[in-house]
Structure formats: C-alpha cells, structure tokens
Chemist: 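Here it is, the structure in full.
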Amino acid sequence: MNIRTILAELKAERSRLNRAIVALERLAAANQKAKKSRRAFVQRRGDAVLSAPKEKRGQLLMFRKLRTSVRSKPSKAEEA
C-alpha cells in the first residue's frame, strides 16, 4: 500500500470522527439545557405548592352551587 493512500484514508477518518464528536457535543449541550429546564420547572412547581398555608394543604376544596336563573327549567335529575 502506498503511504499517500494511507494518509488520505486516515485524514478522511479523522474528518468523520471530528464531525461525529461535534454532533455528540451538540446533543450533550442540548440534553444539559433540557435537564436544567426540567429542574427549574420542578423547582417552580414545588414553590407554588409550598406557597399554600400548611393548614390548607391536602384538604378538599369546597365549591358553591351555581345559582340557577328563574327562567331556566330544572333538569330531570334535579326534579327527581
């Protein structure tokens, strides 16, 4: 085999390796950003939960019934 041929093949292989390394570095950077974003979201979500007073946490919320207007007819379920 000719030295020039070997040198050309090695340079081509180095070029492919460099492209693969750059692609992997970009993926790693994007993955790192996504992890930071998820971590920030979880922290914000946790802060919102902790903002409720302790005595109110975990309790069921009570809702008022909506007032029905005079003109509306009661449904069959309400009549029964």
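Please read these numbers as outputs of a predicted model, since none were measured by experiment. Nothing fancy with the numbering, it's 1 onward along the sequence. Quick note: numbers below take in every heavy atom, side chains included, and nothing from hydrogens, waters or symmetry partners.
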Chemist: Find the distance between CG (Asn31) and CZ (Arg26) and round it off to the nearest 0.5 Å.
Modeler: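 Going from CG on Asn31 over to CZ on Arg26, the span is 16.0 Å.
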Chemist: How far does CG of Leu27 sit from CD of Glu25, to the nearest 0.5 angstrom?
Modeler: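 Atom-to-atom, Leu27:CG and Glu25:CD are 10.5 Å apart.
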Chemist: Would you say that more than 12 heavy atoms from the other residues, nucleotides or ligands in this model lie under 6.0 Å from the CG of Leu17, or not?
Modeler: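 Counting other residues, nucleotides and ligands, CG of Leu17 exceeds 12 neighbours.
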